[in-house]
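What you are looking at is a predicted structure, and each value in this text was computed from that prediction instead of being measured.
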Amino acid sequence: MNDAAVGMTTAGWVFLGVAWGGVLSFAMFCLSRVIAKRNSPPPDDAGEGGEDG
Amino acid sequence: MITTMETRQHWATRFGLILAMAGNAVGLANFLRFPVQAASNGGGAFMIPYFIALLVLGIPLMLVEWGLGRFGGARGHGTTPGMFELIWRSRAAKYFGLLGIALPLLVVVYYSYVESWTLAYAYFSATGAFADKPPSFFQSFFEEKVAAPGYWPIYMFFVVTVLINLAVMSKGISGGVEKLGRVAMPMLFLFAVVLVVRILTLGSPDPQHPERSVWDGMAFLWNPDLSRLGDMRIWLAAAGQIFFTLSLGFGVIACYASYLRKNDDIVLSGLSTASLNEFAEVVLGGSLAIPLAFAFLGAAAVSTIAQAGPFSLAFVTMPMSFQQLPMGQLLATMWYLLLFFAGITSSVALTQAAVAFIEDEYGWPRRRAVAAVWAVVFACANLVIFGKGVMGEIDFWAGTVGIVVFALIEVIIFVWVFGPDRAWAEINQGADVRLPRIAYYVLKYVTPVYLGVIVIAWVVQDGKAAALMTGVAAEEVPWRWAARGVMFAIVAGLVYLIRRSRHLREDEAGGKLRSDE
C-alpha cells in the first residue's frame, strides 16, 4: 500500500455512521431499560449480595 | 462446606453484575485486535459479516452461557462440569464440562503476562521513563526487554499483577470482582473517550508529513471494499472476532451467571453487557490505535504493523506516536491504564471458573482456592516468560480452537439435549426484555450450524499445520511441546479432581434432571 492520502469516502461515512449509530442506539436502549427497572419496585425475592466465603 | 443455593455468593447490584460481565468481555481484543481485523478484512465492509455474526452467533451464544450459568448456580454448581451433568445424563457430561475450567485457566497463563506489560508501560509512561527516548528505542525495548526473558523489572511487574489479581479475587464476588468492575470499567471508558476525542481532533499532527491525517486512518478502517464480501475468510474472521470480543466459549460467562438468583433477569443484563462491549470495540477501539498510527507513520507502515500483530501496535507504535503529542506522557499513561483495566477485569474472570470449581465441588474457603489457582497460573506462566512460542501454542489450542469447540458443545447440550423449549423458557425466565420469537429459531438452528462451519473451516485451514508445527522455528519446537505437556497436565489434573469430587458423584448418582424436582 502506498502512502497517498485517501480520505473518508461517502461510503466510508455511511458505514461509520450506521455502525456507530447502531451501537450507540443499542447501548442507550439497554441503559434506559436498566435504569427504568432500577427505579421500579423490586420483586419480592430481591436482596443484598450474599456472603463471600 | 459445599456451596448450595442458600450459601452461594451473589452479585450485589445489577449494575455491578453488568460492569463485571462487561469487564470480562472488554479486553485487549477490543482495542488492538478489532481495528487490525477490520482494516485487513475489507474495511467498512467487515461490519456486515461482523454484525451478522453478532446477531446470529454472539448474542445467542452469550444467552446460552448466561442461561446455563444461572441454571447451574441455582443448583449449587458454578462451573460447566456440574452444569452439564445436571442436564445431560451421561458419565461423560462432566468431562466435556471440564473445558470450561481448563480453557480459561490456560489462557490466563499468558494473558496475565501480557496484562503485566500494560501495567509496566503505564508506570514507565507516568514516570517519564519514555519521555526523551528516540523512536527507534521502542522497537528494541519491546523485543529485547519486554517480550524476551531476563529483564527483571518486567518480571516484577508480572509478580505485582498476580498479587493484584489475588487481592481482588480473595475478596469474593461482590466484595472483589464486582467492586473491581465498578471502579475499573467507568475509568476505562472515561480514558478511552478522552483519548478518542484527542486523537480524532488531531488532524495532521506531523508537520513533516501533512498528507498523513488521523482521518486517513479512519478511512483505512471504514472505507468499504465490498468485493471482499465474497471471500469466506472475512466471514470467518468476523465470527472469530465476535468470539474473542464477547469472551464466548470460555465458560466464564456461565460461571459469573451462576451467582445470579434463579429469577434474576439474564436477557436485559446480557444485552447490556454486549452493548457495552460493542461500544468499547466499534466506537472506541476503532478510533484509537489505527488512526493515531496512521497520522504519524502513514499507510504503508501501518499496513505492515497491522500484519505484525497487536503487540507491535500497542507497545511500539503507540508509545512512539504519543511521544510526539502535546501532553503525550499523560495520554500514554491513560492508554496503558485503559489496557490494564481491560486486562485485569478479564484475568479475574478467566480464573474465576477454576476458583469456583474448587469452592463449589470441594468446599474450600475462597482465599485458599484463589491462592491455589494463582499458584498454578504463576508456575505455568514462567514457561511462557522463559520459553519461545509457548504463548502462540496455548493461544491456538486453548484460546482459538478450544473455545469454538467448547461453544459448540455448550449449544448442543443446552439447546438440543436440554431441549429448545426448555432452553428458551430458561433464558426468558425473569426476563426484563422480551426476545423476539425469531431468536428461538436462530438458537435452535442457525447458531449451531454457523459454529459447526467455523470449527470445520478452522480445522481444515489451520489444524494440520498447527498439529504438525509446520513452519515453526526449530528453537521453538521443544518449548511448544512443553506447552502441550502443560495443557495435557492441566486437563489431566482436572479429570482427576472431577473424579474425586463427591458433590459431582452425588449429582451423577441422583440420575435425573434437577429441574424436574
- Sort B:S204 into side chain, backbone, both or neither according to what part of it lies under 4.5 angstrom from a heavy atom of chain A. neither
- Message: Which residues pass the ring-ring contact (aromatic ring centres under 6.0 Å, His included) test with B:Y259, not counting sequence neighbours?
- Response: none
- B:L226 portion near chain A, given a 4.5 angstrom heavy-atom threshold: side chain
Donor-acceptor pairs are to be reported for all side-chain atoms of residues 8-31 of chain A against protein atoms at under 3.5 Å, with residues two or more places apart or in another chain.
residue	atom	partner	partner atom	Å
A:T9	OG1	A:G12	N	3.1
A:T9	OG1	B:N223	OD1	3.1
A:S25	OG	A:G21	O	2.7

- Sort B:L276 into side chain, backbone, both or neither according to what part of it lies under 4.5 angstrom from a heavy atom of chain A. neither
- Under 4.5 Å from a heavy atom of chain A, the part of B:F51 involved: side chain
- Side chain, backbone, both or neither of B:A369 within contact of chain A (heavy atoms, under 4.5 Å): neither
- Is the backbone N or O of B:V433 less than 3.5 Å from a side-chain atom of A:R33, with the two atoms forming a donor-acceptor pair by type? no
- Task: Can you tell which part of B:I18 gets under 4.5 Å to a heavy atom of chain A, answering side chain, backbone, both or neither?
- Result: side chain
- Item | Contact class of B:S272 relative to chain A, heavy atoms under 4.5 angstrom | both
